[in-house]
Amino acid sequence: MDYMDNIRNKLALLPDLPGCYLMKNEEGTIIYVGKAKVLKNRVRSYFTGSHDGKTQRLVADIRDFEYIVTASNMEALILECNLIKKHMPRYNVQLKDDKTFPYIKITNERHPRLEVTRRVLKDKAKYFGPYPNAYAAQQTKKLLDRMYPLRKCGAMPKEVCLYYHMGQCLAPCEKEVPKSAYDEITQSISTFLGGGHEAVKKDLQQKMQEAAEELYFERAKELRDQINYIEALMEKQNINTADTKDRDVFGYAVDKGWMCVQILYMRQGKMIQRHSSSFPFYGEAFSDFMSYVTQYYSENPALPQEILLPEALLVQDAASVLPPEPAADVGLAVAESVEGYSAGAGEGGGTADAWNAAPTVDASAAEEAGKTSSSGAVDLAAAGVSAESAAAATAEDSAAEEEAPETAAETAHRAAAAVEAAAAGVVDAAGGAAALQEWLGVKVLVPRRGLKKQMVRMACQNGRVALEEKFRLIERDEERTSGAALGLGQSLGLESLNRIEAFDNSNIQGANPVSAMVVFIDGKPAKKEYRKYKVRTVQGPDDYETMREVIRRRYERVLKDNLPQPDLIVVDGGRGQISAAVDILENELGLFIPVCGLVKDAKHKTAQLLVGDPPEPVHLARDSEEFYLLQRIQDEVHRFAITFHREQRGKSMVTSRLDAIPGIGEKRRKLLLKHFGSLKKIKEATVEDFRPLSIGDKLARQILDALKDEETV
């Protein structure tokens, strides 16, 4: 499959979600990063229609792409900026001043002020953001200035200013303002910026409606703009955090015996990269996920300051992880089509001692694990997890984010997860996080709400999307290959075309003649059924007789061993090869199997399909799936035959060189090759290296001299 086939398949599976896309060249280097409200529409637009000169140059260099799903278009904008700074793509505009995003800040002063800033300092001030829209931030600050009378001036004036007379300042320059008044205002602003803006927005909407009804349209427009500023500013986002901690955010999804683990890398409070791994798993999902995490950090000594882990998925969560299921046999097809899986996270638990020693939940504590305390938290102590471990694994940094109370549904979900973990005899999320924290020596959290929970949810969502894409790509490949085989059978007038056997011969002026057979079942290669043939009876470069010998040997064995017969035999060649194969099949073996020939053009590419007696061309569109299937068959059998011929030619060259040396017979030749591995290693050996083979110094010198003399001829 060339790169455009891969791109077309991936384009068909793009989600209707916001996110960022990363275009790559043939070396795998990221050459462009973009964002989209709808990934499907934006990424497809690069490969359809006409473009300006710059975009045409970009598209000409694209060989692959990947994407990261986000929760909103604003998150996509922030992520795009971070990725551009990280990868410095060739086709992106680079921000030379390293401009950062704006924050709303309540200063930590005796008389606090509201500011819009792009720098986050450790000055005990309160920061809200970051936000991508600086204009909306400034306008919202103006709104807050009108609503809350904090001082506006940088340096304290000697007398009251206009803001005091407008009711927008408490005039600390002339009056003593108690700290409690500032605390009340600060708390109100924090509530507004932390999510309590809905009540203010509702009040503004009512005033806007009243102004419009009274025909005060300018006032109504001003109020509408204020509402829009609030909505733009207060849109939730997960990409950046107010602190500057380095975090690894983990998420995972499972389906059809496969797991996808996503790692979002947060550096200096910004998400800069994503890592994805998909592999089959054979045990309990969360245990295998934790096994992956421990193996990942055992091989990765660069630890972040904080690690965020998801809670364990329930069985019903895993079953509903993806929308509509593909065909029933897709899971099996995945297992057959992918060799191995990353990080070796397969069976059993992790390799780290701390993880193996992690506290487990026994079955007898299952009922208690589901009970909640008066505060609504799951009683982890009843499930066999210490209070210290649970607190260390789940405590949130209150300075970093304000959190809403856990809902009853969330509590019930966690309780059910704990019960299921106990019944399965595996460690729950809190216990696993505590063990990982003890082993690594860094903070490991299982967030349950707030911004960190949203980041973990984003990682899990990307895992679900990645798994869905994997299964749908395999499903499309299944449909394409089986559909191509069906279409080819219809073009040849065959009722079914499940099994195809193809033959090709290879020799150089008659030397080392060999032949090879490949098998395609339902349009896919069945490599276990490939066969190689050394030609025995043909002398010289006679392709027709070679074909007769190989066809005879193959189908005599099919009849003798009662092997499955093909629906179609494909020979590499034209009328002569077809006639030779048909003669052996029908006149010697009594088999009436359709035979077709593939003719190549001057560039050694598949050009024409011949079939029938006498053979006639079958016209297939060169861009059809049927023609592409024939190309794959011809290329595969040619590759297999050429590889076998090179092996035989190499062996014959070694054999002739050693056999020509007096004192070297077949037994000693095999012994030499087995000991040294190759003719090159024998030539590089010393006389002493031959002694373990019971070869004397005199014969050893003769061998070395003979090989060196032959090299200089």
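The model shown is predicted, which means the values in this text are computed figures rather than measured ones.
- N462 places a side-chain N or O within donor-acceptor distance of the main-chain N or O of V69, the cut-off being under 3.5 Å.
- Shown here for A466 and C260, the closest heavy-atom pair between the two residues is CB-SG, 3.7 Å.
- Checking side-chain atoms of Q305 against main-chain N and O of D246 turns up a donor-acceptor pair under 3.5 Å.
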(message) side chain to side chain contact (heavy atoms under 4.5 Å, CB included), that's the test. Do L79 and K35 meet it? Break it down for me.
(response) CA-CA 8 Å; L79 177 58; K35 67 173 180 65; over 6 Å; no

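- By the 4.5 Å heavy-atom criterion applied to side chains, Y296 and V261 are not counted as neighbours.
- Smallest separation of non-hydrogen atoms from R44 and A12: NH2-CA, 3.8 Å.
- For P304 against V442, the heavy-atom pair with the smallest separation is O-CG1, 3.5 Å.
- Residues forming a ring pair (Phe, Tyr, Trp, His ring centres under 6.0 Å) with Y46 (at least two apart in sequence, or on another chain): Y21.
- Minimum interatomic distance between L467 and A253 (heavy atoms only, all atoms of both residues): CD1-O, 3.4 Å.
- Side chain of Q437 to backbone of V444: a donor-acceptor contact under 3.5 angstrom is found.
- Across all their heavy atoms, R632 and P525 have their closest contact at NH2-CD, 3.6 Å.
- Within the 4.5 Å cutoff, the side chain of L17 has heavy atoms near those of the Q461 side chain.
- With contacts defined as side-chain heavy-atom distances shorter than 4.5 Å, the pair E468/D255 does not qualify.
- Checked against the 6.0 Å centroid criterion, the rings of Y292 and Y252 do not qualify as a close aromatic pair.
- The distance from the CD atom of Q454 to the CG atom of L451 is 5.5 Å, given to the nearest 0.5 Å.
- With sequence neighbours excluded, the residues satisfying side chain to side chain contact (heavy atoms under 4.5 Å, CB included) with P18 are T70.
- Contact check for I307 versus V293: no side-chain heavy atoms found under the 4.5 Å cut-off.
- By the side chain to side chain contact (heavy atoms under 4.5 Å, CB included) test, N41 pairs with V38, sequence neighbours left out.
- Note that NE2 of H275 is 11.0 Å distant from CG of D248, once rounded to the nearest 0.5 Å.
- Remark: K40 engages D16 in a salt bridge (charged side-chain N to carboxylate O under 4.0 Å, His left out) (not counting sequence neighbours).
- Residues forming a side chain to side chain contact (heavy atoms under 4.5 Å, CB included) with E636 (at least two apart in sequence, or on another chain): V518, F520, K527, Y530, R639.
- When the side-chain hydrogen bond (donor to acceptor under 3.5 Å, both in side chains) test is applied to T29, no partner is found at least two apart in sequence or on another chain.
- Residue F47 holds its CZ atom at 4.5 Å from CD1 of I7, rounded to the nearest 0.5 Å.
- Counting heavy atoms from C-beta on, the side chains of Y32 and D61 never come closer than 4.5 Å.
- In this structure, the side chains of L445 and E306 come closer than 4.5 Å at one or more pairs of heavy atoms.
- Here the side chains of Y67 and F65 are in contact, with some heavy-atom distance below 4.5 Å.
- Here L264 contributes atom CG and L308 contributes atom CG; the two are 9.5 Å apart, rounded to the nearest 0.5 Å.
- For E469, the salt bridge (charged side-chain N to carboxylate O under 4.0 Å, His left out) test picks out no residue, with sequence neighbours left out.
- The pair E311-K453 counts as a salt bridge, with a side-chain nitrogen and a carboxylate oxygen less than 4.0 angstrom apart.
- Take N25 and apply the side-chain hydrogen bond (donor to acceptor under 3.5 Å, both in side chains) test, not counting sequence neighbours, and it matches E27.
- Remark: I30 CD1 to L22 CG distance equals 4.5 Å, nearest 0.5 Å.
- Ring orientation note: the planes of F286 and F289 are tilted relative to one another, at an angle of 30° to 60°.
- Residue pairs meeting the salt bridge (charged side-chain N to carboxylate O under 4.0 Å, His left out) criterion with at least one partner in residues 62-71, sequence neighbours excluded, are K10-D64, K24-E66, E66-R274.
- Summarising the geometry of P15 relative to L39, their closest heavy-atom pair is O-CB, 3.8 Å, with the distance given to 0.1 Å.
- Between R90 atom CZ and M23 atom CE the span is 15.0 Å, to the nearest 0.5 Å.
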